[in-house]
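From a predicted model like this one, the values you see are computed outputs, not experimental measurements. Positions are given from 1 along the sequence.
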Amino acid sequence: MFKERRQKKLEDYVRQYFASHPEVKLVGVAGSFGKTTTKMMIATLLSQKYRVRMDDTSHVSPTEVALDILGISRPQKDSIFEWHKIYKAARERIKQPADVDVIVQEFDTGKLGDLNHFASYLNPDIAVITGVSADHLQDFGSIEGLAQEELSLANFSKTALINRDDIEGRFAEFITNPNLSTYGTTAAAEYRFEVSDVSLEKGYEGKIFAPELLSGLDIKMKVYGEEGLRSGAGAAGVGLKLGLEPQSIVSGLATISPLPGRMNLLRGVNQSLILDDTYDSNLVSAANALQTLYGFPTPDRIALFGDMKDLGAQSESEHGRLGSLCDSNLLSWVVTVGEETEKYLAPRARANGCQVKTFKNPIDAGAFVHSVIEPGALVLAAGSDTNILEESLKIFLHDTHENRELVRQDEAWLEKKNEILEKIKK
């Protein structure tokens, strides 16, 4: 009962905040994947001109979202006394002049109806929907149910930007907001990035096209993979809609680099390079990452995959689809970690003629990759927190100092991962 009253109180403070500061814009970001990267890119671009509030964590609960929007930290202790201090801080935030011009907020969902809850007290100026993939299907029953949930943010926002390339056209039936634009890397998108050159040293060069621009903007982005480019196009779309000058788009995108575990380029042993996508991979992300791996000239390519989580009944088909994308002409090895990849991905990769090695734990997989890396190789690692594939990378990184570039390296996570590894050994 206390939690319900507390939530209603926080939501009322958020309503009062926007009523007192109508000049503050709210940009909401939702989707099955790519939310954090897109959120970061949007905030980076907008900060070229505006004061921006963006929490750099992935807070998911309604309480955390309300606190993030207000710019107030969650109390250390969950007591009535501490929450009264939060309420006081919220009232002060409402009375004071606005300390930001734009709030960029990530929205997550665990079940049908989660996002619609926010419609009761929020009306974002722009909703950005990053993609729909088969994650968490057991909570939604079908990909259609998941798509309807993710796209609901667009319907209670003033305008929406939809990833044209990673959301199937058939899901348009779930969108009721007529103020809709699309972004991506294909000609079908209104805000799009067209690539002219790419290299491991410099990333991508190309042009961004948009309805607001008479001609394309020359852009350089040191990211790797289609997802990063699409996020950049989406961020540019938000910036242009909020009045950002073209030159600020150019300079802002030039400052962006990949986040840890999200197609981040690392140095490996034997003059190799590693595309680290171990944060929270899914079928779409892993497939895009695999195509990125194929696109770079190198004498040796290795794909290291961990189980994709929360696929439910779709696990066999989704892992199998990824295995079918493994090309023996382009890969020296396919290495897997976990039961699902062993059962469903590995057989499909073998059927394609690939050399495949399967492992139960990431440490053994890392040791194997270390043993087969050829000079100048490029290794793709795609996994999630359930298979802690970043621990594989530690074994074949060029230098232990690069461990700090990996995801989930804080003390609490390292302790949790030791427990996971102990269970695997048993």
Side-chain angles (χ1 to χ4, degrees), residues 31-38 130-137 143 146 163 165-168 185 223-231 258-266 274-296 301-312 314-328 330-352 354 356-359 362 365 369 378-390 392-393 406-407:
S32 302
F33 57 90
K35 294 187 293 295
T36 302
T37 295
T38 304
T130 61
V132 173
S133 74
D135 290 6
H136 314 297
L137 283 188
I143 189 69
L146 176 59
N163 184 335
D165 303 327
D166 290 324
I167 299 176
E168 294 181 46
T185 53
V223 298
Y224 304 94
E226 291 285 325
E227 280 187 39
L229 294 180
R230 291 166 187 166
S231 294
L259 295 169
R262 298 169 175 91
M263 291 299 282
N264 190 26
L265 190 67
L266 304 173
I274 303 163
L275 282 170
D276 174 14
D277 200 35
T278 57
Y279 175 72
D280 191 14
S281 187
N282 56 63
L283 175 67
V284 175
S285 299
N288 286 338
L290 194 57
Q291 294 305 315
T292 301
L293 177 68
Y294 292 161
F296 290 114
R301 297 183 190 88
I302 298 171
L304 172 60
F305 294 118
D307 290 357
M308 292 179 285
K309 63 181 183 180
D310 300 331
L311 291 176
Q314 302 296 316
S315 182
E316 180 175 358
S317 61
E318 296 298 293
H319 283 99
R321 285 172 61 194
L322 185 56
S324 69
L325 296 175
C326 295
D327 188 335
S328 61
L330 297 171
L331 293 170
S332 301
W333 282 97
V334 174
V335 182
T336 72
V337 177
E339 294 181 0
E340 303 296 289
T341 47
E342 182 178 4
K343 284 192 294 185
Y344 306 128
L345 189 156
R348 295 289 288 274
R350 288 194 182 99
N352 284 354
C354 295
V356 180
K357 193 76 172 177
T358 63
F359 294 93
V369 171
L378 182 59
V379 182
L380 167 67
S384 70
D385 59 356
T386 58
N387 43 72
I388 54 174
L389 212 59
E390 66 274 10
S392 297
L393 306 191
L406 302 175
V407 293

### Task
State which residues pass side-chain contact (heavy atoms from CB on, under 4.5 Å) with Lys357; sequence neighbours excluded, sorted by chain then number.
Trp333, Phe359, Phe368

### Reported CG-to-CZ distance for the pair Asn387 and Phe305, which is rounded to 0.5 angstrom
12.0 Å

### Student check: side-chain heavy atoms of Val223 and Thr37 closer than 4.5 Å
no

### Task
Kindly give the heavy-atom pair with the smallest separation between Ala381 and Leu393, and that separation in Å.
CB-CD2, 3.6 Å

### Query
Which heavy atom in Phe296 sits nearest to a heavy atom in Arg301, and how many Å separate them?
O-NH2, 2.9 Å

### Task
Say whether, by atom type as modelled, one donor and one acceptor occur between the side chain of Thr38 and the main chain of Ser231 under 3.5 angstrom.
no

### Message
Return the OG to CG distance between Ser133 and Asp166, rounded to the nearest 0.5 Å.
### Response
9.0 Å

### Query
Looking at residues at least two apart in the chain, or sitting in another chain, which of them share a salt bridge (Lys or Arg N to Asp or Glu O under 4.0 Å) with Glu226?
Arg230

### Query
Under the 3.5 angstrom rule, does the side chain of Asn282 hit a backbone N or O of Val284 as a donor-acceptor pair?
yes

### Task
Calculate, to the nearest 0.5 Å, the distance between atoms CD1 and CG belonging to Ile302 and Leu331 respectively.
9.5 Å

### Query
Going from CG on Asn352 to CG on Leu330, what distance comes out if it is rounded to the nearest 0.5 angstrom?
11.0 Å

### Message
So, using side chain to side chain donor-acceptor pair (under 3.5 Å) as the criterion, who are the partners of Thr386 when residues are at least two apart?
### Response
Ser384

### Value rounded to 0.5 Å, distance of OG in Ser285 from CG in Leu290
12.5 Å

### Task
Applying side chain to side chain contact (heavy atoms under 4.5 Å, CB included) between Val334 and each of Val356, Thr358, Leu322, report the one that passes.
Val356

## Note on the structure
On a heavy-atom basis, the closest approach of Glu340 and Asp307 is N-OD2, 3.1 Å

### Task
Look at the side chain of Thr341 and the backbone N and O of Gly338, then say whether any donor-acceptor pair between them is shorter than 3.5 Å.
yes

### Message
Is it the case that the side chain of Arg321 and the backbone of Ala287 share a donor-acceptor pair, with hydrogens and angles ignored and the cut-off at 3.5 Å?
### Response
no

### Message
Any side-chain to backbone donor/acceptor pair from Lys343 onto Glu339? Under 3.5 Å, distance only.
### Response
no

### Message
Restricting to non-hydrogen atoms, name the atom on Ala303 and the atom on Leu293 that form the minimum distance, rounded to 0.1 Å.
### Response
CB-CD2, 4.5 Å

### Message
Are the side chains of Pro362 and Ile388 in contact, using a 4.5 Å heavy-atom criterion?
### Response
yes

### Message
Looking at every heavy atom in both Glu342 and Pro347, which two are closest together, and how far apart are they?
### Response
O-CD, 3.4 Å

### Task
Would you check if the side chain of Tyr294 reaches a backbone N or O of Asp327 as a donor-acceptor pair within less than 3.5 Å?
yes

### Rounded distance [0.5 Å steps], CD in Glu390 versus CG in Asp277
12.0 Å

#### Entry: Contact summary for Pro258 and Arg262, nearest pair of heavy atoms
CB-O, 3.6 Å

### Query
Taking it one step at a time, do Tyr224 and Leu275 satisfy side-chain contact (heavy atoms from CB on, under 4.5 Å)?
CA-CA 8 Å; Tyr224 304 94; Leu275 282 170; 3.9 Å; yes

### Message
Less than 4.5 Å apart, side chain to side chain, heavy atoms only: is that true for Ser392 and Leu304?
### Response
yes

### Task
Apply side-chain contact (heavy atoms from CB on, under 4.5 Å) to Thr278 and Leu406, showing your working.
CA-CA 8 Å; Thr278 57; Leu406 302 175; 5.7 Å; no

